[in-house]
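Read the structure below first, then the notes.
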Amino acid sequence: MAKEYGYFDDAHREYVITDPKTPFPWINYLGNEDFFGLISNTAGGYDFFKDAKFRRITRYRYNSVPMDSVGRYFYIVDDRLVWNPGWKPCKTALDGYECRHGLNYTRITGVKNKVRASVLYFVPLGVKAEIQRLTLTNESDEKKTLKLFSYTEWCLWNGATDGENFQRNLSTGEVEIERSEWTAIYHKTEYKERRNHYAYYSVNCPVNGYDTDRESFVGLYNDLSEPQAVLEGKATDSLAHGWSPIASHYIEVGLAPGESKDFIFVLGYEENEEGNKFASNSQFSIHNSQLLTSLGERDHHIINKERAHEVIKRFSTVEAVEAAFAELQALWDELLSKYRVESLDERLNRMVNIWNQYQCMITFCMSRSASFFESGIGRGMGFRDSNQDLVGFVHQIPSRARQRIIDIASTQFPDGGCYHQYQPLTKRGNNDIGGGFNDDPMWLIFGTTAYIRETGDFSILDEMVPWDNEPGSEVSLMEHLRISFDHVVNNLGPHGLPLIGRADWNDCLNLNCFSNDPNESFQTTGNKTEGSRAESLMIAGLFVYCGRQYVDLLKSRAESKETKDEIARAEKEIEKMCKAVEQFGWDGAWYLRAYDYYGNKVGSHENEEGKIFIESQGWCGMARIGAELGMLDKALDSAAQLLDSEHGMVLNYPAYTTYHIELGEQSTYPAGYKENGGIFCHNNPWVIIAQTEAGRGNDAWTLYKKIAPAWIKDQDLHKVEPYVYCQMVAGKEAAKPGEGKNSWLTGTAAWNWLTISQHILGIRPTYEGLMINPCIPSDLKEYKVTRKWRDAEYVITVKNPNGKQHPDQPVVLPYAPGKHTYEVVL
Ligand code: BGC
Ligand code: NOJ
């Protein structure tokens, strides 16, 4: 039996880690609005406001040694023993350890020498701060005198400059320290000039000392496992002047036998308007605080701290913290009540009712920006990524999905092309990454139609949305959709199939870049699109699938002559595309993947490597192209035969073993990894949906279970978190098949949500009503789904006494407010 590092506690919606030495840091996310934190099971990680690049609050050193080495730490000194509740950084062996990752909160508990230290970390709703409630309990029969040190390191706002221009950073750091009935350390680097924001770290009591300068606290030749101040048992009361500002409180704590004490730390961020940035003299006297600043007497730029004070005061009691925590729990009760399954399979219930939905919230908030695999500085909100993410989130908070759609569409160009990414803070397209991914526009149709089917809110189509954020350029969102559709129609290649541009969903299938310069990135380098014949079957399938969504949307709108003409036009284009795929996109037993720059086949039995690819089987399969001709069934059989493995279906087979300049980045990855034969979890659900399209419930279920984290068998092999999907699991040709990488921020979350909720369990919102169309394993005898849809609630029981895989006909329940109960027998 493989070693387990923890277990699911479904009743509390938590994953409980019982051994701090997990095979990789197993993290969680705090916050689901604007203030976010990443936190590992040993309290590593960092915080940011909205944007992990431009508003990074605390520091993190990625890809470093030791791994996961900065965070928000507490050091406890008990006599001469120093330890941390989360084991790191001191790594003193603990008598007890537990980390409970819950929905937007984490509770880490350590026990040593009969002292229990438990820290609850969360971000209260509507608050720009992380709360850390530390409870210290003396479980011994003797009085204990402990020394407590907090520790966090400030990042000087722009996460990128730490790596590229730290010569400046090392001279700019400034802080203030405020000692009153609470103690707060303020980080105000660059506040006196162009910034209108500051951060703070407070504790709800007076302290015995503090540190704000890293070197003074840690010691020049020490590391975080042995900070000098902690070893010496005394803070140095240091004032940071440049170098690396930190925030550390030092508190002496006496605990009688059995006694418990709570400390509330607030790690927050605030903004002040220009003109209101600095404190007036009266503000000091009001709080009777003792104030120290880096510049001392000469500092004319004392922060106006009113906003921070409000938060610090609000969270000065345990009751207030508990109330805010209860609010967060109540939000999750509400969010998770929108779709709930009850079945005899606890893993299915766990994925559907808790973890898959939770991950969808996180991918919606983060897109691909900040995780333990994404630095937070390179990739913001993806055009394609965010459209997909919102399909997993739209039922949770539709109004936020609505805003996201408008934000995304605002970065589109007038010809329908798109910036591939935009920054969450500015909402502007990211010029460094550029555009030219020809699948991007279609995803806007995918996201928008999902929103309307969920909400019935057609008014979004009339929203006036600019091109490239240019004021005055606004047209309706509906017009953006039309132009998105036409971007494919206007960019067809010699076979009538979509030109791929820079790449399609597979960012690494770079058919036009021909790069032989190691100093350039495949993702951004110039492309030879002029005269290119590179066409994508993935986009062809996507176009047919999302094109039909566009047509359905038009059909559900007013029947004007104009709309009817548009429907006819769009249907003709879709029909043409289907014919092009049947004629030029079929390899005999599966769908081809592409034609390269020269018009040669990619993903064909004629190729030596990369004979078959998953994306086109998934997309052309979902779109049922050539299904009547037997193509869908054959493609699924081929995928099962050539792509499938113990851990899921690989992206392509056989993987490339040499660099193909005409294929680009894909062929640079070692065989079995990433886009070269890795199990890209993201596109397994495409095949699963295609399987449900073919009525293959047993196959769909088998593949679903291979990818879903609740079924992971070997945590050491899988390595990354066992409660969320990862982007990639090493494929069958890899050195270590089954090893997971790049957890959390992946479209896999939304796609698996769509797959399980709408296609396997089969409860699907449509314009006409709620469709019930399950495609399940024949041995699933019964399940019940409670679905809150718009302002109605449907309780649907599906019974399968005869071991079928799907009903003969789907049922559509018309939308009507109120509560409805239905039973469907297959
Ligand atoms: C990765 C892709 C990713 C792309 C964009 C590539 O190196 O393999 O998965 O989408 O970079 O950052
Ligand atoms: C990760 C990217 O976020 C996503 O947009 C892309 O489709 C996949 N990699 C595949 O390359």
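Atoms within each ligand, like the ligands themselves, are counted from 1 in listed order. Excluded from the calculations below are hydrogen atoms, water molecules and symmetry mates; all remaining heavy atoms, backbone and side chain alike, are included. Given the structure is predicted, the values throughout are model-derived calculations rather than measurements.
- Remark: ligand 2 atoms within the under-4.0 Å shell around heavy atoms of Arg379 are 1 (C), 2 (C), 3 (O).
- Note on ring orientation: taking the six-membered ring where Trp is involved, the planes of Trp751 and His682 are tilted (angle from 30° to 60°).
- Of the residues listed (Gln359, Arg368, Arg404), the one engaging Asp389 in a side-chain hydrogen bond (donor to acceptor under 3.5 Å, both in side chains) is Arg368, and it is the only one.
- Looking only at heavy atoms of the protein, atom 12 (O) of ligand 1 is closest to Arg379 NE, 3.3 Å.
- Scanning the protein for heavy atoms near atom 11 (O) of ligand 2, the closest one is Glu675 OE2, 2.5 Å.
- Arg400 forms no cation-pi arrangement with Phe393, by the criterion of a distance under 6.0 Å to the ring centre and an angle within 45° of the ring axis.
- Between Trp586 and Tyr591, the distance separating the two ring centers is shorter than 6.0 angstrom.
- Considering backbone and side-chain N/O of Asp507, one or more are found under 3.5 Å from N/O of ligand 2.
- Aromatic rings from Trp619 and Tyr545 are positioned such that their centres are separated by under 6.0 Å.
- Remark: Lys741 fails to qualify as a cation-pi partner of Phe24 under the 6.0 Å distance and 45° angle criteria applied to the six-membered ring.
- For Asp385, every heavy-atom contact with ligand 2 shorter than 4.0 Å involves the side chain, none the backbone.
- Contacts between Tyr669 and ligand 1 below 4.0 angstrom, taking non-hydrogen atoms only, involve the side chain exclusively.
- In this structure, the protein non-hydrogen atom closest to atom 6 (C) of ligand 1 is Glu665 OE2, 3.2 Å.
- Close approach to Gln727 involves these atoms of ligand 1, each under 4.0 Å from a residue heavy atom: 9 (O).
- Less than 4.0 angstrom separates some heavy atom of Asn506 from each of these atoms of ligand 2: 11 (O).
- Ring centers of Tyr358 and Tyr723: at least 6.0 Å apart, outside the cut-off.
- Short contacts between ligand 2 and Arg368, defined as distances under 4.0 Å to a heavy atom of the residue, involve ligand atoms 3 (O).
- Ranking the protein heavy atoms by distance from atom 9 (O) of ligand 1 puts Glu675 OE2, 2.6 Å first.
- Atom 1 (C) of ligand 2 has its closest protein heavy atom at Gln727 NE2, 3.3 Å.
- When all heavy atoms of Asn469 and Gly429 are compared, the closest pair comes out as ND2-N, 4.5 Å.
- Selection from Phe383, Phe680, Trp505 by nearest heavy atom to atom 7 (O) of ligand 2 gives Trp505.
- Ligand 2 has a nitrogen or oxygen under 3.5 angstrom from a nitrogen or oxygen of Arg384.
- A distance of 6.0 Å or more separates the ring centres of Phe613 and Phe680.
- Ring pair Tyr419/Phe413 is tilted by interplanar angle, where 30° to 60° counts as tilted.
- Under 4.0 Å from ligand 1, not a single heavy atom of Arg368 appears.
- In terms of protein heavy-atom proximity, atom 10 (O) of ligand 1 is nearest to Asp507 OD2, 2.5 Å.
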